[in-house]
Peer 1: 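One structure follows; several queries about it will come next.
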2 protein chains.
Amino acid sequence: MKGESSKPDKAGPARTKAGTIARGQTIYKADAEGGAWRVLSGTVRLDQPGPDGLQFAGMAVTGDVIGAETLLFGRYTFTARALSACVLEPWCADRAEPSGQLLLGMLAATEERMAEVLALRSGKAGERVRRLFEFMTGGLTRGGRAAKLALPRLKDIAEITDLSVETVSRTISHLGAEGTLEVSGRYRARHVTAESVFGVRS
Amino acid sequence: MKGESSKPDKAGPARTKAGTIARGQTIYKADAEGGAWRVLSGTVRLDQPGPDGLQFAGMAVTGDVIGAETLLFGRYTFTARALSACVLEPWCADRAEPSGQLLLGMLAATEERMAEVLALRSGKAGERVRRLFEFMTGGLTRGGRAAKLALPRLKDIAEITDLSVETVSRTISHLGAEGTLEVSGRYRARHVTAESVFGVRS
DNA sequence: CGGGGTCTTGATCTCAATCAACCAATGTGG
DNA sequence: CCACATTGGTTGATTGAGATCAAGACCCCG
């Protein structure tokens, strides 16, 4: 799970084994054949092919299953890309039909997710970005403090929150400057500490 | 299914029979007990109770099932309100477990829906409103031309598209004036004809 | 009749988009 | 290892779409 071409967009042979995906890598492409995956860690962005390129269509975070539609159609509906480094494992690889209870749970989780992602597109720029980081770190539900979040590319943040890249750049530095966020590193090594993200929730 | 209190927010006894819901009526409230429903016609808005009131969390259109999470939890996760007049019928009322295939289909449909609703929050005001109307009339997939769409309250349109009520009001008159949309009636009797909505898609 | 919710319209202001450079990292091939 | 191209991120100046504030009209209901 890494000997693949380094070009993110070269659709290599469909992945079939568990493994790590680097930030920015395409996990699978819409319309390709393949199976479902569980996200063991990291965050994934889902896009729908549209008339003008790929369009943001959803997100998956640690614990979620992506590509479940392949159990029905055999092909992926969306394109999946890793926002931060991800660990994936095949889910339901044997095509054994998952139980109704399980599927109902996934359905409910998907609807919850929808609500959260939708909320990332309302409010002021600072709010949106902060909520995205919270969402990516698992919100307040985690016990572990001070988790470091590796930032996705600004372009991804921009498309998810429906802001421009420039605004996102300015917003992050601003949040860092006023102490709302603790930003460390630059470029591909940029992180924010979850602790400070949590802290805002008063 | 109508002898209930006319106050939309008085949570009467849980609905158990098929019937029509008027525009603006609350179908069920988050946390209440009840079952799942299939939307035979009309559109529904789903909201999540948040710190500052209800927050827009999703939509359901003709053919969708709402409240499926009750099969798992027994209670509704969201509050559902009719955007336009709706006809509903109980779904899976006997609590018989629906088949895996069916649930997978619903899961896929929900993800598709998520992508569409998300798209309603990007682009310029005119785009958003127009796409919402398209979405509510079933997009381009319907054969029947010239279907009339009863408009939801401007406040609902505003919250769905993340615009202000004033902007929505101005946008609709503007779209009507320039011929992009055919608007008829005023206030609660306002409609747009789907034909012209379709027409725009060049 | 009132009165509250809904819609419209106008004037003003603000936040973020846009346009335009520029720099910093990474990657490529000679 | 160095020139070069490409991608990703930053920063500044300007603009514009839509938010906000305010007032009034309309509708529906009791």
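Below, chains carry the letters A, B, ... as their sequence lines are ordered, and counting in each starts from 1. What you see below is based on every heavy atom in this structure, not just the backbone, and it leaves out hydrogens, waters and symmetry mates.
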Peer 1: Is A/Arg170 side chain donor-acceptor paired with the D/dG12 base, going by distance under 3.5 Å alone?
Peer 2: yes
Peer 1: To the nearest Å, how far apart are A/Arg128 CZ and C/dC15 C1'?
Peer 2: 11 Å
Peer 1: Please step through side-chain contact (heavy atoms from CB on, under 4.5 Å) for the pair B/Phe135 and B/Val61, ending with a clear verdict.
Peer 2: CA-CA 8 Å; B/Phe135 180 51; B/Val61 297; 3.8 Å; yes
Peer 1: Would you sort out whether B/Asp47 and B/Arg45 count as a side-chain contact (heavy atoms from CB on, under 4.5 Å), showing the intermediate values?
Peer 2: CA-CA 7 Å; B/Asp47 290 85; B/Arg45 151 182 186 171; 2.7 Å; yes
Peer 1: Got a donor-acceptor contact below 3.5 angstrom from the A/Arg75 side chain to the A/Ala30 backbone?
Peer 2: no
Peer 1: Which one, D/dT11, D/dA17, C/dT9, comes nearest to the side chain of B/Lys124?
Peer 2: D/dA17
Peer 1: Quick check: any donor-acceptor pair below 3.5 Å linking the side-chain of B/Glu166 to the base of C/dC7?
Peer 2: no
Peer 1: Using atom NZ of A/Lys155 as one end and atom P of D/dT7 as the other, report the distance to the nearest whole Å.
Peer 2: 10 Å
Peer 1: Rounded to the Å, how far apart are A/Asp162 CG and C/dC15 C1'?
Peer 2: 14 Å
Peer 1: B/Leu163 has an atom CG; how far is it from atom P of C/dC15, in whole Å?
Peer 2: 18 Å
Peer 1: How close do A/Leu163 and A/Val168 get, counting heavy atoms only, and between which atoms?
Peer 2: CB-CG2, 4.0 Å
Peer 1: Of the candidate nucleotides C/dA16, D/dT10, D/dG18, which contains the atom at the shortest distance from the side chain of A/Ala125?
Peer 2: C/dA16
Peer 1: May I have the distance from A/Leu83 (atom CG) to D/dG8 (atom C1'), rounded to whole angstrom?
Peer 2: 16 Å
Peer 1: Could you check A/Val168 against B/Ser169 and say which one's nearest nucleotide on DNA chain C is further toward the 5' end?
Peer 2: B/Ser169
Peer 1: Dump the intermediate steps for side-chain contact (heavy atoms from CB on, under 4.5 Å) on B/Arg81 and B/Arg153, then the final yes or no.
Peer 2: CA-CA 12 Å; B/Arg81 272 186 44 235; B/Arg153 294 185 335 201; 3.7 Å; yes
Peer 1: Without decimals, in angstroms, what is the distance between B/Arg153 CZ and C/dT8 C1'?
Peer 2: 16 Å
Peer 1: Just N and O in the side chain of B/Arg190: are any of them under 4.0 Å from OP1 or OP2 of C/dT8?
Peer 2: yes
Peer 1: Find the distance B/Ile172:CD1 to D/dG18:P and express it as a whole number of Å.
Peer 2: 14 Å
Peer 1: For the pair made of CG in A/Leu154 and P in C/dA17, what is the distance, rounded to whole Å?
Peer 2: 13 Å
Peer 1: In terms of side-chain heavy atoms of A/Ser164, which of C/dA17, D/dT11, C/dC7 is nearest?
Peer 2: C/dA17
